[in-house]
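Chain identifiers are assigned alphabetically (A, B, ...) following the order of the sequence lines, protein sequences preceding nucleic acid strands; residue numbering begins at 1 within each chain.
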Amino acid sequence: AQSVTQLDSQVPVFEEAPVELRCNYSSSVSVYLFWYVQYPNQGLQLLLKYLSGSTLVKGINGFEAEFNKSQTSFHLRKPSVHISDTAEYFCAVTDPSYNNNDMRFGAGTRLTVKP
Amino acid sequence: DAGVTQSPTHLIKTRGQQVTLRCSPKSGHDTVSWYQQALGQGPQFIFQYYEEEERQRGNFPDRFSGHQFPNYSSELNVNALLLGDSALYLCASSPWTAYGYTFGSGTRLTVV
């Protein structure tokens, strides 16, 4: 089964600094990749997704991610973070070989933005 | 347009009891997946329902079962509750794979 590994469990950063949250996936075949954000006591909200085509995908709240097939990575970036970006971020993968295959999540990265 | 709704929001049960959690998918979504999220961990896939049948299942024991109704809503049942079943249970719906999942806010289950 496909899986993702989030390389950092916690990332502290100062407000207005850039940030990168790292994600590697296991599969060598076609994949769909997603980043979700979870605020305290809430469900997960989709930030962005990579399906095919351009390797740089843009999402909500100023986030973007780059798909790198040779390195099997899908790192999330934001050029300037805000206090409100403090949350848990999850990378997820699914196999597009058939419709609505299950989605597998990483363990999460806790982003803490400090003033 | 309502998103995914889950009920109840919080639940406290005693070891050995049984529990039923409910989920209404987003309008237009016919596939429902359930996830267990323990504290400080990522969501773990329990199972997925489509056309009222369990289509895929993660590594969870048979104590975890589910159902999907003709209106696409779904239930998650857990029998013989263990302390380790304490977690946030998330329901997600989707119309197709590329869309991604829309998640509900979850049901926080505490087993004492």
Exercise. Do you know which of A:Gln6, A:Arg104, A:Gln45 has the most heavy-atom pairs under 4.5 Å to chain B?
Worked result: A:Arg104
Could you state whether [X] and [Y] fall into the same hydrophobic cluster, counting links through intermediate Ile, Leu, Val, Met, Phe, Trp or Tyr residues with side-chain heavy atoms under 4.5 angstrom apart?
X: B:Phe47; Y: B:Leu81; value: yes
X: B:Leu11; Y: B:Val78; value: yes
X: A:Ile60; Y: A:Phe67; value: yes
X: A:Leu47; Y: A:Leu7; value: no
X: B:Leu90; Y: B:Val4; value: no

Exercise. Measuring heavy-atom distances to chain B, does A:Glu88 have an atom under 4.5 Å in its side chain, in its backbone, in both, or in neither?
Worked result: neither
Exercise. Using non-hydrogen atoms only, which part of A:Leu46 is less than 4.5 Å away from chain B: side chain, backbone, both, or neither?
Worked result: side chain
[X] atom [atom1], neighbour heavy-atom count above 12 within 6.0 Å:
X: B:Asn71; atom1: CG; value: yes
X: B:Arg15; atom1: CZ; value: no
X: A:Phe63; atom1: CZ; value: yes
X: B:Leu83; atom1: CG; value: yes

For this session: Evaluate the side-chain proximity of A:Phe34 to B:Tyr101: yes if any heavy-atom separation is below 4.5 Å, no if none is.
Result: no
Exercise. Which distance, rounded to the nearest 0.5 Å, do you find between the CD of B:Gln56 and the CE of A:Met103?
Worked result: 11.0 Å
For this session: Can you measure from CG (A:Asp102) to CZ (B:Arg57) and round to the nearest 0.5 angstrom?
Result: 12.5 Å
Problem set entry | Proximal component of B:Tyr35, with respect to chain A [non-hydrogen, under 4.5 Å] | side chain
Problem set entry | Contact class of B:Gln44 relative to chain A, heavy atoms under 4.5 angstrom | neither
Problem set entry | Single hit among A:Tyr39, A:Tyr36, A:Phe90 for ring pair (Phe, Tyr, Trp, His ring centres under 6.0 Å) with B:Phe103 | A:Tyr36
Problem set entry | Residues of residues 104-112 of chain B contacting chain A, heavy-atom criterion under 4.5 Å, by residue number | B:Gly104, B:Ser105
